[in-house]
**Q** 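Could you have a look at this structure, given as structure tokens, before my questions?
We count ligands from 1, going down the list as the structure has it; atoms in each ligand are counted the same way. Source: prediction; values computed, not measured.
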Amino acid sequence: MKIGVIADDFTGASDIALTLAEAGMTVHQFIDVPKGEADPDLGAAVIALKSRTASVQEAVDDSLAACAWLRAQGAAQIVFKVCSTFDSTAEGNIGPVLDALSAQLNAGPVMVCPAFPENGRSVYQGHLFVNDMLLSESGMKDHPLTPMRDADLRRVLAAQSQCQVSHVSAQVVQQGADALRAALPPTGHVIVDATQDEDLKILGRAAAGAPLICGGSGIALGLPANFGASARTPHWAAVTGPGVILSGSCSQATRAQVERYKMIAPSVEITAAQAMSGEIRIGNLVNWILDQEVAPLVYSSADPEIVRAAQLQYGQGQAAEAIEGVFRELAGQLAEAGVQRIVVAGGETSGAAVQGLKAYQLEIGPRLAAGVPVLRLLKERPVALALKSGNFGGPDFFAQALQRMEIAQ
Ligand SMILES: Nc1ncnc2c1ncn2[C@@H]1O[C@H](COP(=O)(O)OP(=O)(O)OP(=O)(O)O)[C@@H](O)[C@H]1O
Ligand SMILES: O=C(O)[C@@H](O)C(=O)CO
């Protein structure tokens, strides 16, 4: 194994797994820290944790355990995969986890860059932009769990970390890998600018031999080439059979996708009140889903005002866990009932759904959208999964993803 990735959520794990697969690495996504050994033929492994919004101590402990497993499999380089919008609560977990991993690996300077230009995420003068807006003015300021209200990543990371946080500008990056390496301090975390894929490939070259780097999937663009890998398209054996869309993301992009899909297929909304009351009968919902001619949509996605009202009434964590609990139970029962194509929208929601599926290892297929691969879960019958980050995919993503799962490549 050459590259080991520790991802702080499940959609982010599949996002970077796709980047590595398209750059030629043989890669699998693992759910939580595996118990056994990895296939020695794997060039890369991505461990999906549900640590982004966990307690700081839990996030640190789980990330260190994942790092130890990856190193034991021979991983020469560790990537801490975080969100391209640097999703984090004020107290962590990016800073504390990065500090712990850096200490465990005696990593020296750690380059940090969440840029993902293909999906409109760029870092310039230490500030994170979502398309043409500062992060703090984008929809991410209303995120239900990790509202991002400061675009200056140096300040955000410095508030969470015990280490020195510095910055290397795009002007230096664009002079090449040698100039970037020369600009790095001896230790600490370094926010590195990147506004285009070429900047990320320079960063990848500069990261050759670095024990630890941190970023979105874009930071992996240039890493496989350091190990002699070259671009390829992942293969896919068609998966047909009943399908369903599960959406717990409240992001702007997902809410648009929900409204578009509701126009062509049956749907049912799960409200926070219903989830908190325990009135939802999962078995009845499964039967309703299986009775539909067209793959139906089950969603809790709601506008920020509705989410805020629910959080005020029930508590942010309680509302989140209640809704995730519904999707966790639903996903497991759907797979047992024979559903074979499952599209999930939202990182935490995907974590819940995958836990419900009792999935431990996923094969990476071709892209459904930038940052979203189709995944194969090997059960009695193969299950095709799409774990879509809230802000990813176009308006017709749901229908297109279900159709793509049925086409071999
Ligand atoms: N109607 C609702 N009211 C309150 N909380 C909700 C509601 N619908 C979903 N949630 C919660 O909001 C959170 C959404 O987070 P999730 O990570 O699934 O989506 P996302 O942040 O848009 O996706 P990503 O992290 O991939 O960008 C989950 O914990 C979910 O349970
Ligand atoms: O980097 C991203 O935006 C996604 O992979 C993600 O982490 C969403 O939660």
Side-chain angles (χ1 to χ4, degrees), residues 5-19 29 46 48-54 79-88 94 113-121 128 130 135 138-140 142-148 214-220 246-258 269-276 298-328 344-354 369-373 386-393:
V5 180
I6 303 161
D8 66 355
D9 89 335
F10 283 52
T11 49
S14 60
D15 178 4
I16 196 168
L18 174 64
T19 305
Q29 177 172 334
V46 178
L49 300 176
K50 204 170 182 293
S51 60
R52 184 174 295 174
T53 55
V79 181
F80 176 30
K81 163 60 175 72
V82 299
C83 191
S84 63
T85 44
F86 221 62
D87 295 15
S88 180
I94 297 176
C113 182
F116 188 0
E118 189 176 7
N119 266 343
R121 277 84 167 138
L128 181 51
V130 176
L135 172 69
S138 75
M140 287 306 296
D142 299 318
H143 190 284
L145 304 178
T146 54
M148 300 306 292
C214 173
S217 59
I219 205 166
L246 307 178
S247 178
S249 167
C250 299
S251 72
Q252 287 174 329
T254 297
R255 284 184 281 124
Q257 292 158 350
V258 164
E269 182 180 8
I270 306 282
T271 66
Q274 290 168 329
M276 291 296 297
V298 180
Y299 68 99
S300 69
S301 309
D303 292 345
E305 309 73 53
I306 293 171
V307 172
R308 269 194 288 274
Q311 293 177 334
L312 282 174
Q313 182 169 1
Y314 303 112
Q316 180 198 77
Q318 292 83 339
E321 178 47 41
I323 290 170
E324 288 173 30
V326 169
F327 284 120
R328 182 180 296 112
V344 189
E348 301 301 321
T349 306
S350 293
V354 168
V372 190
L387 306 180
K388 184 196 80 78
S389 298
N391 287 305
F392 289 2

**Q** Which one holds for F116 and ligand 2: side chain close, backbone close, both close, or neither close, with close meaning a heavy atom under 4.0 Å?
**A**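 No part of F116 is near ligand 2 at this cut-off.
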**Q** Quick one: look up the protein heavy atom nearest atom 9 (O) of ligand 2 and list residue, atom name and how far away it is.
**A**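 Looking only at protein heavy atoms, the one closest to atom 9 (O) of ligand 2 is R52 NH1, 2.7 Å.
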**Q** Of all the atoms in ligand 2, which lie at a distance below 4.0 Å from a heavy atom belonging to F392?
**A**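 Here the atoms of ligand 2 in question are 2 (C), 3 (O), 4 (C).
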**Q** Does any part of the side chain of K50, heavy atoms only, come nearer than 4.5 Å to the side chain of D9, both counted from C-beta?
**A**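 No. Closest side-chain heavy atoms not under 4.5 Å.
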**Q** Do the side chains of S51 and D8 get nearer than 4.5 Å, heavy atoms only?
**A**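 Sidechains of S51 and D8: in contact.
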**Q** Enumerate the atoms of ligand 2 whose separation from the nearest heavy atom of G12 is less than 4.0 angstrom.
**A**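 The atoms of ligand 2 under 4.0 Å from a heavy atom of G12 are 5 (O), 6 (C), 7 (O).
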**Q** To the nearest 0.1 Å, how far is atom 5 (O) of ligand 2 from its closest protein heavy atom, and which atom is that?
**A**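 Going by distance alone, atom 5 (O) of ligand 2 is nearest to D15 OD2, 2.7 Å.
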**Q** Is the closest side-chain heavy-atom distance between V298 and F327 below 4.5 Å?
**A**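 A side-chain contact under 4.5 Å exists here.
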**Q** Ignoring angles and geometry beyond distance, decide whether D9 reaches within less than 3.5 Å of ligand 2 through its nitrogen or oxygen atoms.
**A**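 N/O-N/O distance under 3.5 Å: yes.
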**Q** Less than 4.0 Å is my threshold; does some heavy atom of K81 fall inside it relative to ligand 2?
**A**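 Within the 4.0 Å threshold, so yes.
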**Q** Could you list each nitrogen or oxygen of ligand 1 that sits under 3.5 Å from a protein nitrogen or oxygen, with the atom names and the distance?
**A**
{"residue": "ligand 1", "atom": "1 (N)", "partner": "S300", "partner atom": "O", "Å": "2.9"}
{"residue": "ligand 1", "atom": "8 (N)", "partner": "S300", "partner atom": "O", "Å": "3.2"}
{"residue": "ligand 1", "atom": "8 (N)", "partner": "S300", "partner atom": "OG", "Å": "2.9"}
{"residue": "ligand 1", "atom": "17 (O)", "partner": "G347", "partner atom": "N", "Å": "3.1"}
{"residue": "ligand 1", "atom": "17 (O)", "partner": "E348", "partner atom": "N", "Å": "2.7"}
{"residue": "ligand 1", "atom": "18 (O)", "partner": "E348", "partner atom": "N", "Å": "3.4"}
{"residue": "ligand 1", "atom": "18 (O)", "partner": "T349", "partner atom": "N", "Å": "3.0"}
{"residue": "ligand 1", "atom": "18 (O)", "partner": "T349", "partner atom": "OG1", "Å": "2.7"}
{"residue": "ligand 1", "atom": "21 (O)", "partner": "H143", "partner atom": "NE2", "Å": "2.4"}
{"residue": "ligand 1", "atom": "22 (O)", "partner": "S249", "partner atom": "OG", "Å": "2.6"}
{"residue": "ligand 1", "atom": "23 (O)", "partner": "G347", "partner atom": "N", "Å": "3.1"}
{"residue": "ligand 1", "atom": "23 (O)", "partner": "G390", "partner atom": "N", "Å": "3.4"}
{"residue": "ligand 1", "atom": "26 (O)", "partner": "T11", "partner atom": "OG1", "Å": "3.1"}
{"residue": "ligand 1", "atom": "26 (O)", "partner": "G347", "partner atom": "N", "Å": "2.9"}
{"residue": "ligand 1", "atom": "26 (O)", "partner": "G390", "partner atom": "N", "Å": "3.1"}
{"residue": "ligand 1", "atom": "27 (O)", "partner": "G390", "partner atom": "N", "Å": "3.3"}
{"residue": "ligand 1", "atom": "29 (O)", "partner": "E324", "partner atom": "OE2", "Å": "2.6"}
{"residue": "ligand 1", "atom": "31 (O)", "partner": "A320", "partner atom": "O", "Å": "3.2"}

**Q** For atom 8 (C) of ligand 2, what's the nearest protein heavy-atom neighbour? Residue, atom name and distance, please.
**A**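 Ranked first by proximity to atom 8 (C) of ligand 2 is S389 OG, 3.3 Å.
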**Q** Any side-chain donor-acceptor pair under 3.5 Å between S247 and K388?
**A**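 Looking only at side-chain atoms, K388 and S247 do not form any donor-acceptor pair under 3.5 Å.
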**Q** Within the structure provided, determine whether V82 and C214 are in side-chain contact (heavy-atom separation under 4.5 Å).
**A**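 Yes. Closest side-chain heavy atoms under 4.5 Å.
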**Q** Taking the side chain as every heavy atom from C-beta outward, state whether L145 and R52 have any atom pair closer than 4.5 Å.
**A**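 No, every pair of side-chain atoms sits at 4.5 Å or beyond.
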**Q** Can S84 and F392 be said to form a side-chain contact (heavy atoms from CB on, under 4.5 Å), step by step?
**A** CA-CA 11 Å; S84 63; F392 289 2; 4.2 Å; yes
**Q** Is the closest side-chain heavy-atom distance between H143 and D87 below 4.5 Å?
**A**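 Contact flag for H143/D87 side chains = yes.
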**Q** Can you tell me which residue and heavy atom of the protein come closest to atom 1 (O) of ligand 2, and the distance to 0.1 Å?
**A**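 In this structure, atom 1 (O) of ligand 2 has S84 N, 2.8 Å as its nearest protein heavy atom.
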**Q** Within a distance under 4.0 Å of any heavy atom of C83, pick out the atoms of ligand 2 and give their elements.
**A**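 Heavy-atom distances to C83 below 4.0 Å select 1 (O), 2 (C), 3 (O), 6 (C), 7 (O), 8 (C), 9 (O).
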**Q** Would you check if P144 and Q311 make a side-chain contact, meaning some heavy-atom pair closer than 4.5 Å?
**A**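 Contact flag for P144/Q311 side chains = yes.
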**Q** Only heavy atoms of T11, strictly under 4.0 Å: list the atoms of ligand 2 that pass.
**A**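 That gives atoms 8 (C), 9 (O) of ligand 2.
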**Q** Hey, are the side chains of Q318 and Q313 touching, using non-hydrogen atoms and a 4.5 Å cut-off?
**A**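 No, every pair of side-chain atoms sits at 4.5 Å or beyond.
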**Q** Apply side chain to side chain contact (heavy atoms under 4.5 Å, CB included) to T19 and list each qualifying residue two or more places apart in sequence or on a separate chain.
**A**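 Once residues adjacent in sequence are excluded, the partners of T19 under the side chain to side chain contact (heavy atoms under 4.5 Å, CB included) criterion are D15, S217, A220, L221.
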